[in-house]
Amino acid sequence: MRFITRFAPSPTGLLHLGHAYSALLAHDQAQAAGGEFHLRIEDVDQSRSRLHWENQIYDDLHWLGLTWPQPVMRQSDRIQKYRRALETLIDLKLVYPCQCKRADIEAAAGAPQEGAPQFGPDGRIYPGTCRQRLLQDSASEDVLRLNMEKALEASELRTFRETGAKHAGTHSLCADTLLNAVGDIILVRRNMGSSYHLSVVVDDADQDITHVVRGEDLFDATQIHVLLQGLLGLPTPVYHHHRLIRDEAGKRLAKRDDARAISLYRDQGITPAEIRTMVGL
Ligand code: GLU
């Protein structure tokens with residue numbers, strides 16, 4: 001079986017121990033399988049991405065002992081690719097423009113039904129205010145959303161009916177989760193030309209990724225990705241969701257936790273082998 005995996009950080013801050021674990025695990029698995037490990041720079045959000053963070057990523061990963069083929073894929077070079085995928089979803093009539101600001105969404109969400117989830121992988125679940133709006137009426141500051149209900153109907157027609165659960169590989173889709181705990185996700189963010197979800201699906205297909213090794217915090221996001229793959233006619237990789245590295249209080253690490261930054265451990269004279277031990281590898 002072919003094994004091509006990737007590590008796909010966003011250059012928006014210092015990599016920490018959680019990133020080290022994810023990258024080392026993917027790299028180790030690729031080596032064990034005689035496969036390939038790729039690096040992808042997820043800089044589609046140009047307002048937050050910085051070249052110096054990107055260079056720091058290369059430094060940190062090399063220091064950890066990782067290697068990857070050149071050239072490295074960078075999302076900022078690929079906006080046209082994302083545009084084409086978006087057009088496929090537009091042709092399927094699954095996309096609508098949304099002008100809601102965060103405060104509008106908060107206000108419209110109102111009092112939630114008891115027990116109903118309020119937050120999904122992208123924050124507050126969108127209440128659907130703009131769902132009836134048409135693309136021809138969109139303004140330049142609008143975001144574009146996926147109509148989740150229609151997407152589920154379309155994917156049933158396009159994929160589930162033909163190939164059943166096999167299509168989703170190791171990750172089976174749950175329509176109820178997608179409808180109620182994920183909702184109408186953003187496909188194109190303001191001033192971005194794409195979104196994380198749309199880009200990652202197009203990139204994984206273009207890099208022939210067969211195995212995605214990522215944190216379990218992305219479990220619901222994976223549902224979105226498998227759905228988009230079905231709609232866009234792209235292959236679904238095998239997904240492995242790994243445990244998260246947590247601090248002493250049990251909180252998962254975030255980029256603002258500079259105290260756990262790989263570069264700080266380096267400066268303190270910690271070795272890559274010690275980093276492996278610290279993350280339990
Ligand atoms: N850029 C994402 C992150 O840093 C990539 C995760 C993924 O798609 O596996 O969390």
Side-chain angles (χ1 to χ4, degrees), residues 3-30 36-51 53-54 56-58 60-61 64 66 68 72-79 81-82 85 120-123 169-171 182 185-187 189 192-229 232 234-246 252-258 260-262 279:
F3 192 109
I4 306 175
T5 191
R6 78 328 188 255
F7 178 59
S10 304
T12 55
L14 288 170
L15 295 188
H16 53 60
L17 278 187
H19 295 109
Y21 177 60
S22 203
L24 288 164
L25 191 65
H27 194 266
D28 286 0
Q29 290 190 359
E36 293 170 29
F37 169 85
H38 291 258
L39 178 65
R40 179 167 77 229
I41 297 295
E42 299 215 320
D43 61 349
V44 70
D45 184 354
Q46 285 284 293
S47 70
R48 294 173 59 229
S49 299
R50 297 288 177 271
L51 203 55
W53 294 131
E54 182 177 328
Q56 181 80 46
I57 289 171
Y58 300 139
D60 286 347
L61 296 181
L64 282 171
L66 306 190
W68 52 87
V72 169
M73 180 180 277
R74 297 170 80 236
Q75 291 186 326
S76 51
D77 298 333
R78 295 172 46 76
I79 300 299
K81 294 265 182 186
Y82 309 142
D122 291 347
T170 53
H171 201 84
V182 173
I185 50 137
I186 294 181
L187 293 168
R189 290 195 178 273
M192 249 171 78
S194 188
S195 67
Y196 162 63
H197 300 301
L198 187 62
S199 316
V200 85
V201 158
V202 173
D203 294 344
D204 282 341
D206 282 351
Q207 285 190 302
D208 288 329
I209 299 300
T210 60
H211 291 72
V212 173
V213 179
R214 58 163 53 145
E216 61 193 13
D217 54 328
L218 289 173
F219 194 83
D220 281 350
T222 298
Q223 293 261 329
I224 301 169
H225 302 165
V226 174
L227 176 77
L228 290 176
Q229 286 150 4
L232 294 168
L234 302 175
T236 291
V238 174
Y239 286 93
H240 169 71
H241 296 93
H242 60 69
R243 68 184 163 84
L244 301 178
I245 302 295
R246 298 178 185 277
R252 76 181 167 92
L253 302 183
K255 284 222 170 93
R256 58 187 171 278
D257 292 322
D258 280 359
R260 316 285 163 145
I262 299 172
V279 297

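Ligands are counted one by one from 1 in listed order, and the atoms in each one are counted from 1 as well. Keep in mind that the numbers below use all heavy atoms, side chains included, and drop hydrogens, waters and symmetry copies.
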- Where do R189 and D45 land on the salt bridge (charged side-chain N to carboxylate O under 4.0 Å, His left out) test, with the steps shown first? CA-CA 9 Å; R189 290 195 178 273; D45 184 354; over 6 Å; no
side-chain hydrogen bond (donor to acceptor under 3.5 Å, both in side chains) between R78 and S194, intermediate numbers included
CA-CA 10 Å; R78 295 172 46 76; S194 188; over 6 Å; no
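Here W53 pairs with nothing under the ring-ring contact (aromatic ring centres under 6.0 Å, His included) rule; sequence neighbours left out. Judged as a ring-ring contact (aromatic ring centres under 6.0 Å, His included), and not counting sequence neighbours, the contacts of H225 are Y196, H197. Residues that satisfy the ring-ring contact (aromatic ring centres under 6.0 Å, His included) test with H38, not counting sequence neighbours, are absent from this structure.
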Using a cut-off of under 3.5 Å, which N/O atoms of ligand 1 pair up with protein N/O atoms, and what distance separates each pair?
from: ligand 1; atom 1: 1 (N); to: A8; atom 2: O; distance (Å): 2.8
from: ligand 1; atom 1: 1 (N); to: S10; atom 2: OG; distance (Å): 3.1
from: ligand 1; atom 1: 1 (N); to: E42; atom 2: OE1; distance (Å): 2.6
from: ligand 1; atom 1: 8 (O); to: R6; atom 2: NH2; distance (Å): 3.2
from: ligand 1; atom 1: 8 (O); to: Y196; atom 2: OH; distance (Å): 2.7
from: ligand 1; atom 1: 8 (O); to: R214; atom 2: NH2; distance (Å): 3.0
from: ligand 1; atom 1: 9 (O); to: R6; atom 2: NH1; distance (Å): 2.9
from: ligand 1; atom 1: 9 (O); to: R6; atom 2: NH2; distance (Å): 3.4
from: ligand 1; atom 1: 9 (O); to: R214; atom 2: NE; distance (Å): 3.1

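Under the 4.5 Å side-chain criterion, counting only non-hydrogen atoms from C-beta, R48 is not in contact with D43.
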